[in-house]
Structure formats: C-alpha cells, structure tokens
Amino acid sequence: MPHERPEPQFKTIIEPFRIKSVEPIRYTTRAQRARALEAAGYNLFRLHASDVLIDLLTDSGTGAMSSEQWAAMMRGDESYAGSRSFDRFEAAVKGITGLKHIFPTHQGRAAERILCGVALKRGDVVPNNTHFDTTRANIEAVGAEALDLPIAEARQPEALHPFKGNLDVPALRALLTSRREQVPLVMLTVTNNSGGGQPVSLANVREVSAVCREFGVPLFLDCCRYAENAYFIKLREPGYAERTPREIAQEMFSYVDGATMSAKKDGMANIGGFLAMNDDVMAQAAQNLLILGEGFPTYGGLAGYDLDALAVGFQEALEEPYLQYRLRSIEYLGERLLQANIPIIQPTGGHAVYIDAGKLLPHLPAREYPAWALSCVLYLEGGVRSVEIGSVMFGRQPDGSERPAPLELVRLAFPRRTYTQSHVDYLAEVLLHVGSLRERVRGLRIVEAPPLLRHFTARLEPVEQSLLA
Ligand code: F0G
C-alpha cells in the first residue's frame with residue numbers, strides 16, 4: 001500500500017469554473033459618463049448598458065449559464081402542451097420544494113401577481129420579513145397592505161446577527177391575534193433582499209410556520225435566493241454544518257405551503273420564475289390566472305428551452321464550491337470597504353454589498369436622496385452601476401405622501417459566475433476613491449416620476465450645479 005499523504009490545504013478560494021465564452025466590456029471616459037448620466041436623467045436604470053463598465057445593478061437574470069445549461073437548452077421541447085421540458089422543470093422544482101402544484105411564470109413578479117390575484121382582497125394585510133418592491137407593489141395594487149416585520153437588528157446596519165433576515169415572530173403573533181381575518185397569507189423572503197441580502201434561519205422558518213399553522217394562515221416563501229440562504233444556514237446555524245445545501249433547502253420548504261420565485265436569481269438562468277403551492281382550490285384559481293396572463297400551464301410564459309436551463313440551474317445553484325466562491329467574493333469586498341471606513345450592512349449578505357449611504361453622507365438629508373446620489377457618483381467616477389434602495393425606491397406612500405425610507409442604501413449586486421477577483425479588486429479601488437470624495441457629494445431632486453415603482457423611470461437633477469462640489 002503506498003503511503004497516503006494528507007490532502008494539502010490551500011486557502012485561496014478560486015472561481016470554480018473556467019471561462020468558455022467571453023463578452024467584452026467597454027471603457028468610457030469620465031466626460032462620456034457625465035454626458036450619459038445627464039441624458040439618462042440621473043437615473044442609472046435609463047443608461048445604455050454599453051456605457052457601463054461593471055454592472056452591479058442587479059443579480060437578476062444577469063448571470064452566466066453553464067455549459068450544461070446551454071446543452072440542456074438544445075433539448076428544449078417546444079410543444080405547446082405537455083412538453084418534456086416542463087416535466088424536467090417540474091421534477092427539479094418538486095425535488096427541492098416538495099410542493100404539489102408548480103406553475104412556471106416568466107419571472108418572479110408574475111408569480112406574485114397571480115398569488116395576489118387569487119389570495120388577496122382590498123383591506124387585507126400581508127406580513128413579510130421585508131417585502132421586495134415588486135411584491136409590495138403587487139399587494140398594494142389590489143388594495144391590500146404590505147407589512148414589513150423584520151427583527152429589530154435588521155434595521156441596524158452594523159448589528160452583527162447571523163440571521164438578520166429573520167421575521168419578528170412576536171410581532172407576527174400580535175398581528176394574527178388582533179387581525180387574523182385580514183391576513184390571508186404570510187410571506188418570508190429568503191434571503192431578505194431589501195434588508196441587505198440577509199439570511200433567515202431554519203429556526204425562524206420553523207417558528208413562523210408554527211405560528212401560521214396555529215392561526216390557520218398559509219405561509220409562502222419568496223424563495224429567489226433559496227440556495228444562498230441554505231448555504232448561510234450550513235455555515236451559521238448550529239446542527240447544519242454536515243448537511244448539504246440541498247438537504248437544508250428541502251427542510252426549509254417542508255415548513256411552507258407555497259412559494260413564489262424569481263428564477264432569474266438562484267435558478268441561474270436569464271429569465272423565469274414559478275408559483276408553487278399545495279392547496280388544490282387556490283391552485284385551480286391560480287391556473288386560471290396563469291392561462292389568462294402567462295400561458296398554458298406547461299410553459300407559463302417561458303420557452304421550453306428556458307424550462308430546461310432552469311431545471312439544470314436549480315441544481316447548480318446548490319453546489320457548494322459555487323456558493324462558497326459567491327459568498328466569499330461579496331464578503332471580501334465588504335472587508336475592503338470596512339477597512340476604509342465605508343459603512344456597509346454587516347455581515348455581508350448573499351448576493352450583494354449594501355453601502356449605508358445615510359451614514360457615509362450625513363450632510364445630505366433624505367429629501368436629497370443620499371443613496372441615489374452615491375450611486376450616481378460611483379458611476380461617474382468608476383463606470384460602476386449599482387442600485388439605490390432608499391427614499392427614491394420606497395419614499396412614496398400609497399396615498400401620495402413622502403416618507404423617508406428606513407435606510408438609505410446603495411446595493412452592489414453580483415451577477416452569478418460573471419465577474420472575477422480582479423473585477424472585485426477594481427470595485428474596491430473605485431469605492432475607496434469615492435469614499436475619499438464623500439464630503440463633496442451633493443444631492444438630487446426628482447423632476448418627473450410615475451406614481452408606482454418610480455425608481456425605474458424617474459428623472460432627477462442635481463440640487464446644485466453638479467453631483468460633486
Ligand atoms: N422577490 C425578490 C426578493 C426579488 O429580489 C425580486 C427581484 C423579485 C421578488 C421579483 O422578481 O424581477 O423576476 O420579477 N429582484 C431583482 C433585484 C429585480 O434586482 O433585486 P422578478
């Protein structure tokens with residue numbers, strides 16, 4: 001028998017893939033970016049992507065697919081009804097969620113819209129750890145109230161809590177005790193995107209589920225980032241270190257009655273989503289709305305090849321080397337920012353770094369949109385596109401009044417399997433540079449905006465002559 005030597009341990013975490021196809025990115029000058037920004041009404045959503053060097057606007061649908069996903073797309077069965085692609089998609093989703101009825105949708109908000117259409121009525125209340133903006137908008141569009149019930153730590157950017165995405169269970173119990181008949185369902189967003197990409201613990205899912213069952217209210221997961229959430233549980237929750245992300249995800253879904261998903265995140269594909277549920281009556285109503293707005297139940301707004309790409313993607317999202325690389329790149333950027341005293345939500349979340357612009361730019365009041373201003377300056381100086389999660393996104397109330405968002409954040413969301421370590425090092429350099437200009441950053445005002453989801457299309461202008469004094 002040859003002598004067995006121990007496995008050497010190396011500490012560098014590498015990208016767990018090699019690159020087979022590349023897409024060039026385009027350099028611009030600061031003067032070009034200044035012009036592009038002005039033409040876009042100081043709204044990064046309105047920029048041409050070709051004017052962006054590193055695009056961290058969102059991790060939604062922006063990732064790279066694997067060679068196995070591209071291969072699966074060739075197997076796509078475009079039959080209108082009963083396609084084999086749907087069978088593979090459904091098997092993949094059921095294998096992870098265990099839920100009974102699976103409806104493919106073109107993306108997450110379509111699933112939300114159908115769920116709100118079948119389950120809510122005017123005057124209802126839907127609690128969640130924190131609603132994402134489209135979920136909130138879909139709930140409000142039917143005249144119901146979207147209520148955020150995160151734990152207290154979630155509102156404190158620097159509080160170090162392993163599961164800052166948790167829902168406040170006593171608050172949920174109080175709500176159900178006093179207003180049960182107004183609450184048709186409870187939601188839990190994993191990870192909690194608007195709260196910093198923070199995970200929810202299995203203990204919390206279990207407790208929320210127990211309270212929901214006690215009051216007879218169905219619990220739905222908004223499970224866009226279920227794989228990242230599962231990996232955080234493996235890393236942080238006692239008793240789960242030896243379990244696979246897949247086993248953890250399966251346990252998480254075992255506590256819920258349904259789910260909405262934007263598969264543009266942990267589905268690892270560029271488009272897609274689903275609505276899933278156990279209840280047969282609700283499923284029948286959902287199917288009717290699906291046919292009305294999305295398509296026949298075995299494709300629901302997607303091509304057969306999209307369903308096949310997703311069937312593979314759901315599995316790949318749960319692979320540990322991938323999750324380790326993903327969470328570590330984000331954590332690394334967070335460490336670099338903290339070393340330079342740039343305040344961020346701590347600990348870093350699963351898909352993004354969130355800069356606390358309210359704290360970085362204390363000289364700007366909420367009505368001058370500090371996070372929006374910071375995101376514009378990041379683009380101007382370094383060609384980096386981020387997104388504001390602050391008072392432009394959340395400040396306008398359903399009655400038309402303005403209320404500052406609880407936090408003024410700039411989110412740098414990482415597309416999956418898209419950027420490498422040197423991109424992250426470049427980002428750190430840009431952010432440190434912008435951090436050194438912090439006192440010179442000036443605010444903006446809104447020039448025109450629609451009443452709903454205004455951040456996508458609003459036009460703004462600097463309050464003074466320019467963004468930097
Ligand atoms: N729920 C959460 C938690 C999300 O993050 C998103 C989308 C949705 C629902 C809606 O899904 O876009 O497929 O319709 N989030 C993207 C983002 C847009 O940038 O965070 P969708």
Side-chain angles (χ1 to χ4, degrees), residues 43-45 49 52 55-63 103-116 126 128-141 146 148 150 154 164-165 167 185 187-200 220-229 252 256 258-276 293-294 300-302 306 309-310 313-314 317 330 345 349-354 371 375 385-390 392-394 409-416 418 452-453 455-457:
N43 184 339
L44 302 182
F45 281 103
V52 176
D55 203 344
L56 306 184
L57 182 71
T58 176
D59 63 323
S60 184
T62 50
F103 300 114
T105 59
H106 78 277
Q107 61 183 87
R109 67 198 69 184
E112 294 161 6
R113 184 157 186 239
I114 294 170
L115 180 64
C116 292
V126 181
N128 196 333
N129 44 357
T130 310
H131 290 279
F132 182 66
D133 55 356
T134 58
T135 325
R136 169 173 293 280
N138 270 301
I139 291 169
E140 289 171 356
D148 294 338
K164 275 174 109 167
L167 186 136
L185 59 99
M187 293 185 79
L188 205 46
T189 304
V190 298
T191 56
N192 184 6
N193 182 8
S194 309
Q198 300 292 325
V200 177
F220 274 69
L221 275 189
D222 175 344
C223 66
C224 302
R225 299 179 181 85
Y226 73 98
E228 290 162 11
N229 201 91
M252 183 163 73
V256 304
T260 57
M261 175 158 192
S262 168
K264 299 170 75 172
K265 284 80 168 175
D266 283 348
M268 311 293 272
N270 303 118
I271 196 73
F274 65 76
L275 171 63
E294 291 283 293
L302 293 171
D306 294 322
L310 287 166
F314 290 129
I330 289 161
I345 293 195
H351 67 295
V353 171
Y354 292 68
S375 69
R385 177 153 69 169
S386 54
V387 75
E388 184 248 31
I389 301 188
V392 177
M393 187 181 275
F394 288 130
L409 303 173
V410 169
R411 185 187 73 173
L412 303 156
F414 285 38
R416 290 167 182 76
T418 302
L452 273 183
L453 297 173
H455 52 286
F456 289 129
T457 55

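Just so you know, ligand 1 is whichever comes first in the structure, and atom 1 is the first atom listed for that ligand. Index from 1, following the sequence.
Of the listed residues (Met261, Arg109, His351, Lys264), the one carrying the non-hydrogen atom nearest atom 14 (O) of ligand 1 is Arg109. With distances taken over non-hydrogen atoms, the option nearest atom 11 (O) of ligand 1 out of Ser262, Cys224, Ala111, Ala263 is Ser262.
Side chains of Asp222 and His131: a donor-acceptor N/O pair is absent below 3.5 angstrom, by distance only.
Close contacts of ligand 1 with Thr134, meaning ligand atoms under 4.0 Å from a residue heavy atom, involve 8 (C), 9 (C), 10 (C). Of all atoms in ligand 1, listed by their number and element, those nearer than 4.0 Å to a heavy atom of Gly108 are 11 (O), 13 (O), 14 (O), 21 (P). Atoms of ligand 1 found under 4.0 Å from any heavy atom of Thr189 (numbered from 1 in listed order, with element): 3 (C). For ligand 1, the atoms sitting less than 4.0 Å from at least one non-hydrogen atom of Thr58 are 16 (C), 17 (C), 19 (O), numbered in the order shown with element in parentheses. Of all the atoms in ligand 1, the ones that sit under 4.0 Å from a non-hydrogen atom of Glu112 are 1 (N), 8 (C), 9 (C), 10 (C).
Using modelled atom types, one side-chain atom of Glu112 and one backbone atom of Thr135 make a donor-acceptor pair closer than 3.5 Å. At least one donor-acceptor pair closer than 3.5 Å links the side chain of Arg385 to the backbone N or O of Leu44. Side chain of Glu140 to backbone of Ala146: no donor-acceptor contact under 3.5 angstrom is found. With hydrogens and angles disregarded, a donor-acceptor distance shorter than 3.5 Å links the side chain of Glu294 to the backbone of His106.
Under the 4.5 Å side-chain criterion, counting only non-hydrogen atoms from C-beta, Leu221 is not in contact with Tyr226.
Under 4.0 Å is where a charged nitrogen must lie from a carboxylate oxygen, and between Glu228 and Arg416 at least one such pair does.
Inclusion of Gln107 in the set of residues having an N or O under 3.5 Å from an N or O of ligand 1 is warranted. Note: an N/O pair closer than 3.5 Å links Asp222 and ligand 1 by distance alone.
Contact analysis leaves Gly273 out of contact with ligand 1, as no non-hydrogen atom separation drops below 4.0 angstrom.
Looking only at protein heavy atoms, the nearest one to atom 5 (O) of ligand 1 is Asn193 ND2, 2.7 Å. Nearest protein heavy-atom neighbour of atom 15 (N) of ligand 1: Lys265 NZ, 2.9 Å. Annotation: atom 8 (C) of ligand 1 to nearest protein heavy atom, Phe132 CD2, 3.4 Å.
For the side-chain contact (heavy atoms from CB on, under 4.5 Å) with Thr130, the qualifying choice from Thr189, Leu167, Asn193, Asp148 is Asp148, the only one to do so.
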(request) Please assess Leu275 against Phe220 for the test side-chain contact (heavy atoms from CB on, under 4.5 Å), listing each intermediate value before the final yes or no. (result) CA-CA 10 Å; Leu275 171 63; Phe220 274 69; 4.3 Å; yes
